[in-house]
Amino acid sequence: MPRHARLELPDTPLHIIQRGVNRCATFLDDDDRFHFLRLLGERAVARDVAIHAYVLMGNHVHLLVTASRAGSVARMMHAVGLCYVQSFNRRHGRTGTLWEGRFKSCLVDSDRYLLTVYRYIELNPVRAAMVESPEHYRWSNARANLNVWHDPLVTPHRLFLGIASTVAERAIVYRRLLDEGTNADDLCAIRMHLQQQRALGDRRFQAMIEKTLERPASCRPCGRPMRCNAGFDAGSKKK
């Protein structure tokens, strides 16, 4: 069966998850993590992709990105994945695949869900009980958004920049947003749209995507209710 092209539009944010095959560890030490981020930064620049948010968990990666051209994200992820697996296998004396097939992604409605997805990504280590506060986790961009550390990999989205006029003020506002967490309905919506690779937003946003791409953009009804509070980020505690 031929693969369906992903929902992707230039200048529209895309939430990405890339998992390890069979939920296996994708990062065994800090050298692995540094190398992955270095590759990501290089390929993002080469493909003109802006990285807004990221987190490297034990066996999966979340990214929030925007590309200026359709297809750029897929090319970036392919290049990063290929180079990283070759290096990972060589360093750790293994062979074969590391990633669980193609990455999953969903378009994100900037006005309604962008900052919610920011928080979802950066709060992953907190939900996994790895840290008490997101800035305590070294392998995400939370420290940059909270003005604790400068992260050259990250390009803040215009809506993030719009929450306050200065870096210090944005850190205060964003701290309050992180402290609010992500409610159960938003958690469920994010996970469902990412799993089905549809457009996360209101019906007007989805209708625009469907008209532009001539493809369905809303989630299909599930035969069995999705467990939104458990399972999607299983294995996150692996370091």
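Values reported hereafter were calculated over all heavy atoms of this structure, with side chains retained and with hydrogens, waters and symmetry mates removed. Numbering starts at 1 and runs along the sequence shown.
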Requested in this report: Using a 4.5 Å cut-off on heavy atoms from C-beta on, say whether the side chain of His15 contacts that of Cys106.
Outcome: yes
Query raised in the report: Who are the salt bridge (charged side-chain N to carboxylate O under 4.0 Å, His left out) partners of Asp151, not counting sequence neighbours?
Result: none
Query raised in the report: Would you say the side-chain atoms of Arg127 pair up with the backbone N or O of Tyr120, donor to acceptor, closer than 3.5 Å?
Result: yes
Query - Residue pair Tyr174, Phe160: steps toward the side chain to side chain contact (heavy atoms under 4.5 Å, CB included) verdict - result: CA-CA 9 Å; Tyr174 193 60; Phe160 179 83; 3.6 Å; yes
Query raised in the report: Does Asp186 have any salt bridge (charged side-chain N to carboxylate O under 4.0 Å, His left out) partners at least two apart in sequence or in another chain, and if so, which?
Result: Arg112
Query raised in the report: Do Trp99 and Phe88 pass the ring pair (Phe, Tyr, Trp, His ring centres under 6.0 Å) test, and can you show the C-alpha distance, the side-chain angles, and the key distance before you say yes or no?
Result: CA-CA 11 Å; Trp99 303 113; Phe88 185 91; 8.5 Å; no
Report task. Return yes if some donor-acceptor pair links the side-chain N/O of Arg119 with the main-chain N/O of Leu178 below 3.5 Å, else return no. Result -> no
Report task. Using a cut-off of 6.0 Å, state whether more than 12 heavy atoms not belonging to Arg94 lie near its atom CZ. Result -> yes
Requested in this report: Could you tell me whether Arg33 and Asp30 make a salt bridge, using a distance below 4.0 angstrom between a side-chain N and a carboxylate O?
Outcome: yes
Query - Pair Glu210 + Arg203: basic N to acidic O under 4.0 Å - result: yes
Report task. Tell me, yes or no, whether the heavy-atom count around His78 atom NE2, taken from other residues, nucleotides or ligands under 6.0 Å, exceeds 12. Result -> no
Requested in this report: Kindly indicate whether the side chain of Phe36, heavy atoms from C-beta on, has any atom under 4.5 Å from the side chain of Tyr54.
Outcome: no
**Report entry** Residues Ser68 and Asp48: side-chain donor-acceptor under 3.5 angstrom
**Finding:** yes
